[in-house]
Amino acid sequence: MPHKIKADKVSLQFQNKQVLTNISFELEGEKIYGLLGRNGAGKTSLLSVLAAFVKPTSGSIAVDGEHVFENANVMEQIVFIRDVKMDDENGKAKKYMKDLSIFRPNFDMDYAERLIQRFKLPTDTEVSKLSRGMQSALHAIIGLASRCPITIFDEAYLGMDAPAREIFYEEVLNDFMEHPRTIILSTHLISEMESMFEEVLIIDQGQMIMHEDAETLRDSGVSVTGAVEQVDLFVNGKHILKEQVLGGTKLAMIYGQLSEQEIEEAKALKLTLGPITLQELFIHLTKEDKQ
Amino acid sequence: MRSSLDENKPIFQQIREMIEDDIVNGNLKEEDQAPSTNQLVAYYKINPATVLKGFNQLVDAGILYKKRGVGMFVAAGAYQMLREQRKQAFQEQYVWSMMHEAEKLGISVEEIKNMIDSMKERQG
Amino acid sequence: MRKNKTTVVGLSMFQTIGSWMMWYTGILVVLHIASTATSYTGIELNLSQSALINGEAGWSILNTALTTSKGFFLVCGLLSMGAVIKYYVSNGVTRLDYFKGIIQSIFYLSLSFTAVAALLFGLEVLIINMMGIETNIHVPLVFYLKIVLDVILFYLVGWFIAAGFYRLHVWFGFVCIAIAVLLAFVQSGIWGESVPIPLFKLMNIYEVSIWIAILISLLMIVGVSVVIRLLTKEVRIKD
């Protein structure tokens with residue numbers, strides 16, 4: 001079941017506020033995708049369109065050529081997990097999951113029970129009375145055990161503490177290997193999750209500014225360290241993301257790969273080259289004062 | 001195996017180096033089975049495709065070979081091959097930067113040789 | 001095999017609201033017994049059609065059911081919007097299946113509530129007969145039909161108000177309430193019920209013949225359903 005998700009010029013307006021502008025992308029194959037964006041960049045809105053929670057003002061999102069909005073076949077295959085409060089849900093966790101498993105043809109109750117044990121989710125407490133972290137865990141369990149061909153976690157980890165997040169990451173990867181599917185993880189905390197992504201999409205101010213293979217993206221920036229004058233000489237004319245001077249040493253981050261010749265040149269100037277992290281790249285790509 | 005990954009290097013490269021290290025220092029012998037993708041994914045919380053990329057590079061280089069349905073194994077001759085590569089890299093990286101630093105400090109090649117000799121003696 | 005989502009929604013809503021309905025029915029019985037016990041004066045029993053519908057036979061549990069169920073099902077309707085549509089869409093159900101499912105459950109609810117009321121009435125008559133009171137009881141079928149129509153209409157009206165608030169601005173929600181009040185008055189008026197509100201008397205709605213009343217009720221039911229569908233057809237799911 002290869003699922004191809006195609007967004008075609010998706011725009012979204014809420015009460016005259018432009019939330020998404022002309023977003024197009026294609027996600028092909030069973031991969032783990034990272035959707036990165038700052039708070040308010042439009043991550044949740046974009047995912048809401050994908051999950052048919054909202055109809056785009058213009059443009060469309062289709063899965064294998066079928067429009068998502070109000071399409072029973074497609075909607076059944078998408079689970080959209082958000083870290084929302086469940087204060088109006090009574091009933092205990094297992095009952096709650098059993099009820100909604102009716103709607104998910106692939107729901108694996110055994111797996112859900114194993115996850116309940118791993119997350120130490122109390123099964124004798126009403127869902128609405130669970131702590132924030134436990135509600136987050138419950139959301140995560142539902143998202144994983146539903147085994148939907150398109151599984152979306154929208155900052156689903158927010159309420160979890162570090163050990164719970166660790167379990168969550170591990171389970172996402174394990175279950176992805178056992179049951180390959182399209183998994184989309186949105187986050188603004190990148191360093192913790194970046195190694196999980198195969199492809200990365202970056203959204204900023206309602207626009208898609210980057211869609212790239214994660215390894216390629218990590219490779220698309222270079223940090224240059226050395227004496228101030230030498231660094232200045234080397235980075236002149238290049239796309240500089242960040243510069244920092246400490247005494248006589250300068251660190252510059254540049255966007256774009258270096259040619260063999262440039263690497264030799266850097267060596268001659270006695271500069272140290274290194275990669276830059278996805279986190280750094282993200283911060284600089286989504287800076288407010290960028291051109 | 002290492003306890004954690006280095007943020008400053010591509011992950012697939014670190015996976016590759018990790019396996020290579022294990023072969024060079026004898027933790028993985030020829031015809032031994034390499035760690036599985038699942039183990040590495042779960043341990044380091046990394047994308048399976050990234051691990052595969054590292055493995056595939058090792059397969060392409062003739063360090064590992066694939067047994068269908070079983071896993072990855074260390075190829076015959078892998079140790080020798082890696083040792084040669086490392087030797088070259090040693091010269092390129094360590095010796096080069098040593099000489100670079102020595103130049104800064106005004107240390108002559110003769111002096112370096114003496115330093116190495118005295119280090120050897122100290123080690124016994 | 002793919003399950004029919006409309007039926008899944010319909011049955012699960014029927015289950016949920018049906019369980020509330022049983023609680024409500026229990027309270028209804030207690031209230032009825034209490035009020036009958038305090039007001040029992042050996043009244044003469046006149047169970048003609050118009051007497052029942054005009055509330056002259058206020059002693060019967062059917063009448064208590066008829067008058068109080070409106071409020072109960074209105075509230076059920078009000079609660080069928082926000083959290084409910086969010087729950088279903090979150091679980092991959094379309095707005096259409098949500099709509100059709102709730103319509104289906106309203107249908108089940110109206111029938112089962114009327115059946116329960118009829119059963120209780122039968123029990124009541126049995127008790128009265130055992131007490132040796134002479135009765136000449138004949139409840140026309142249309143009386144039960146009126147209960148069915150009331151349950152459906154008032155549930156829909158509640159749902160309509162909630163949908164108005166959910167989908168549109170708050171002021172439009174109030175417009176929906178005004179429309180709802182109007183519909184409620186018309187429903188009572190055409191069936192010859194009186195509502196103790198001055199505005200109702202001012203509107204001076206004429207009682208019409210049974211067949212016309214049924215027709216108008218049905219038209220209102222269809223009309224409100226269509227409007228609810230239009231309001232929820234492409235509605236955005238809120239957090």
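Owing to the predicted nature of the structure, the values given are computational and were not obtained by experimental measurement. To find a chain, count down the sequence lines: A is the first, B the second, and so on, and within it residues start at 1.
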Taking C:Arg95 first and then A:Glu70, would you say they form a salt bridge - that is, a charged N and a carboxylate O separated by under 4.0 Å?
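Judged by the 4.0 Å cut-off on N to carboxylate O distance, C:Arg95 and A:Glu70 do form a salt bridge.
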
Is any side-chain N of the basic residue among A:Asp110 and A:Arg114 closer than 4.0 Å to the acidic one's carboxylate O?
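No salt bridge links A:Asp110 with A:Arg114.
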
What part of C:Asn91 gets closer than 4.5 Å to chain A, counting heavy atoms only: side chain, backbone, both or neither?
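Both parts, heavy atoms under 4.5 Å.
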
For the candidates A:Leu100, A:Val84, A:Ile78, which exhibits the highest count of non-hydrogen atom pairs separated by less than 4.5 Å from chain C?
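Most pairs with chain C among the choices: A:Leu100.
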
Applying ring pair (Phe, Tyr, Trp, His ring centres under 6.0 Å) to C:Phe174 and C:Phe165, what does each step give before you reach the verdict?
CA-CA 8 Å; C:Phe174 288 108; C:Phe165 274 104; 5.5 Å; yes

Just wondering, more than 12 heavy atoms not from C:Lys238 lying within 6.0 Å of its NZ?
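Count over threshold, so yes.
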
Using non-hydrogen atoms only, which part of A:Asn71 is less than 4.5 Å away from chain C: side chain, backbone, both, or neither?
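Interface part for A:Asn71: backbone (N, CA, C, O).
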
